[in-house]
Amino acid sequence: MIPENSTNPFPPAELGPDGKPRKLLDRLRDQLRLKQYSRRTEKSYVQWARRYIYFHHIKHPQQMGAPEVVAFLKHLARDRHVAAATQNQALNALVFLYHQVMGRELGEFGQIQRAQRPKRLPVVLSRDEVRQILNAIPREFQLLARLLYGTGMRVTEGHMLRVKDVDFDRQLIVVRDGKGRKDRIVMLPAAVRDPLIAHLKRVRMLWQQDRRNRVPGVWLPDALSEKYPRAGEEWGWQWIFPASGLSVDPRSGIRRRHYVHEIGMQRAMKQAVRLSAIAKPATPHTLRHCFATHLLEDGADIRTVQELLGHTNLETTMIYTHVLGRGMMARSPLDIL
């Protein structure tokens, strides 16, 4: 019991509609959704907050601070051997928890040193290797794989394409809400134009079937479903790569058609790499690296590649100039000997 004349160091707990205190992780989820973070980020941040709490024996974060955060981050690096990017993600999650949910100032975390990412070159396939893999990918994922390589889109961006985002007349694709919540324009490869048109005819039949069965419309961003309640049922908003079945939206609880899960593309790529007998650890994201590298090999301007990839800093794009290995054009002294 806190005396009336003392100062309570902890703010009163937020109450729910039933008058009971709301759980901290539920408040974290609400704040992430209010800030319009992606579902993937929400899941990750909640998981890190939970691991942080259990690491300190279920001690409430309000009773902890910078020393406990530092101890947890050291545990991840020393005992769990996580990558620098993973450690930074955990730190970002905890900073969000303290600052956005509990109202603690970020100044308390000034002593925390973020891990530095090692400078590693991305895996890049030769054009012949890309050709082998694209031919070996299962038919249901071939079009998506060719789009990823032909446009440089991230895997999630390819999965989340909508019908309205493709402009066949201008031969371009509008990538909506990419990394950093930015839109950008990429080319529509001529090689996929006709296959994409044929694919959309099949998707339209599935959409018409959903309309006959009165399936709720697809998910819409930025509360558009409230402003335009029927927009999710319109053809233009449909996913270009819809899932074969319906699933429950984890946020709204509505059973609707989502886009195809990324795991399917990852498994298809892994199978194609194995069938092609390629020793490189290629993933669907490797196709994006190949797109950038092959453009530069063909003489494309580095800033054009930066814009197509959606990089904020040119330094991020410059890594592909190292992949090119222009310095390897010099003759080895062993060959001269």
Side-chain angles (χ1 to χ4, degrees), residues 8-54 59-66 68-69 72-73 85-110 112 114 154 156-157 159-160 162 165 175-184 216-232 237 239 247-259 261-262 310 312:
N8 186 356
F10 306 129
E14 182 180 324
L15 301 180
D18 56 358
K20 297 181 179 180
R22 301 191 68 247
K23 295 181 179 179
L24 182 65
L25 295 185
D26 290 336
R27 292 164 54 196
L28 174 59
R29 291 188 185 92
D30 290 346
Q31 195 65 21
L32 286 164
R33 295 175 186 181
L34 179 65
K35 299 288 184 180
Q36 298 181 355
Y37 280 63
S38 68
R39 278 181 286 186
R40 176 182 293 180
T41 302
E42 176 187 324
K43 182 178 179 180
S44 174
Y45 277 28
V46 171
Q47 181 187 51
W48 281 121
R50 182 181 288 111
R51 289 181 63 175
Y52 170 65
I53 293 170
Y54 274 88
K59 192 176 181 180
H60 197 285
Q62 196 67 264
Q63 301 173 355
M64 299 186 285
E68 288 80 8
V69 173
F72 178 64
L73 295 176
T86 304
Q87 187 190 37
N88 283 331
Q89 184 188 66
L91 174 57
N92 291 335
L94 296 179
V95 168
F96 186 95
L97 173 68
Y98 275 93
H99 183 64
Q100 299 291 342
V101 180
M102 298 191 299
R104 296 271 290 272
E105 291 298 328
L106 289 175
E108 299 179 26
F109 300 93
I112 296 177
R114 291 179 180 266
R154 299 177 179 88
T156 304
E157 294 169 346
H159 279 79
M160 297 184 67
R162 299 182 191 258
D165 297 331
V175 180
R176 308 280 184 183
D177 202 16
K179 191 173 183 179
R181 305 215 65 191
K182 296 182 297 184
D183 294 351
R184 72 180 189 278
V218 297
W219 171 84
L220 298 179
D222 302 330
L224 284 176
S225 57
E226 297 182 8
K227 188 174 182 180
Y228 307 106
R230 304 298 296 273
W237 282 98
W239 308 113
S247 58
V248 177
D249 189 316
R251 289 186 174 179
S252 65
I254 299 176
R255 190 167 180 267
R256 51 161 56 109
R257 192 173 300 280
H258 203 51
Y259 53 82
H261 202 283
E262 296 174 20
T312 301

Discussion item. Is the shortest side-chain heavy-atom distance between Glu68 and Gln63 below 4.5 Å?
Written reply: no
Worksheet item: In Å and rounded to the nearest 0.5 Å, what is the CG to CD1 distance from Leu94 to Ile53?
Response: 9.0 Å
Fill in: Rounded distance (nearest 0.5 Å) linking atom CG of Leu91 with atom CH2 of Trp48
11.0 Å
Discussion item. Counting only heavy atoms not in Lys182 (residues, nucleotides, ligands), do more than 12 fall under 6.0 Å from its NZ?
Written reply: yes
Discussion item. Which heavy atom of Pro221 sits nearest to which heavy atom of Trp237, and what is that distance?
Written reply: CD-CZ3, 4.0 Å
Fill in: Heavy-atom donor-acceptor pair, Tyr98 side chain to Pro61 backbone, under 3.5 Å
yes
Worksheet item: Do the side chains of His99 and Arg104 get nearer than 4.5 Å, heavy atoms only?
Response: no
Worksheet item: Does the pair Glu262 and Arg154 meet the rule for a salt bridge (charged side-chain N to carboxylate O under 4.0 Å, His left out), with working shown?
Response: CA-CA 11 Å; Glu262 296 174 20; Arg154 299 177 179 88; over 6 Å; no
Fill in: Test: Arg162 and Asp165 ion pair at under 4.0 Å
no
Worksheet item: Does any non-hydrogen side-chain atom of Asp183 lie less than 4.5 Å from one of Val175?
Response: no
Discussion item. Heavy-atom count check: over 12 atoms from other residues, nucleotides or ligands less than 6.0 Å from Arg255 CZ?
Written reply: no
Practice prompt. Could you tell me whether a side-chain N or O of Gln100 sits under 3.5 Å from a main-chain N or O of Leu97, the two making a donor and an acceptor?
Written response: no
Worksheet item: What distance separates Leu28 CG from Arg33 CZ, expressed to the nearest 0.5 Å?
Response: 10.0 Å
Item to complete: Return the minimal non-hydrogen interatomic distance between Glu42 and Leu32, and the atom names on each side.
Response: CA-CD1, 3.7 Å
Worksheet item: So, for Tyr45 and Gln89, which heavy atoms are closest and what is the spacing to 0.1 Å?
Response: CE1-O, 4.4 Å
Worksheet item: With a 4.5 Å limit on heavy-atom distance, are the side chains of Trp219 and Ile254 in contact?
Response: no
Practice prompt. With rounding to the nearest 0.5 Å, note down the distance linking NZ in Lys179 to OG1 in Thr312.
Written response: 8.5 Å
Worksheet item: Yes or no on side-chain contact (heavy atoms from CB on, under 4.5 Å) for Leu25 and Arg50, after CA distance, side-chain angles and deciding distance?
Response: CA-CA 8 Å; Leu25 295 185; Arg50 182 181 288 111; 3.7 Å; yes
Worksheet item: Relative to the ring of His258, is the ring of Trp239 parallel (under 30°), tilted (30 to 60°) or perpendicular (over 60°)?
Response: perpendicular
Worksheet item: Has the side chain of Arg256 got a donor or acceptor atom that lies under 3.5 Å from a matching backbone atom of Gly217?
Response: yes
Practice prompt. Give the intermediate values and the outcome of salt bridge (charged side-chain N to carboxylate O under 4.0 Å, His left out) for residues Asp30 and Lys35.
Written response: CA-CA 9 Å; Asp30 290 346; Lys35 299 288 184 180; over 6 Å; no
Worksheet item: CG of Asp26 to CD of Gln31: how many Å apart, nearest 0.5 Å?
Response: 13.0 Å
Discussion item. To the closest 0.5 Å, what do you measure between CG (Asn92) and OG1 (Thr41)?
Written reply: 10.0 Å
Fill in: Any Tyr259 side-chain heavy atom under 4.5 Å of Met160 side chain
yes
Worksheet item: Is Asp249 paired with Arg257 through a side-chain N to carboxylate O contact shorter than 4.0 Å?
Response: no
Item to complete: Begin with the C-alpha distance, continue with both residues' side-chain angles, and end with the deciding distance and a verdict on side-chain contact (heavy atoms from CB on, under 4.5 Å) for Lys227 and Leu220.
Response: CA-CA 10 Å; Lys227 188 174 182 180; Leu220 298 179; over 6 Å; no
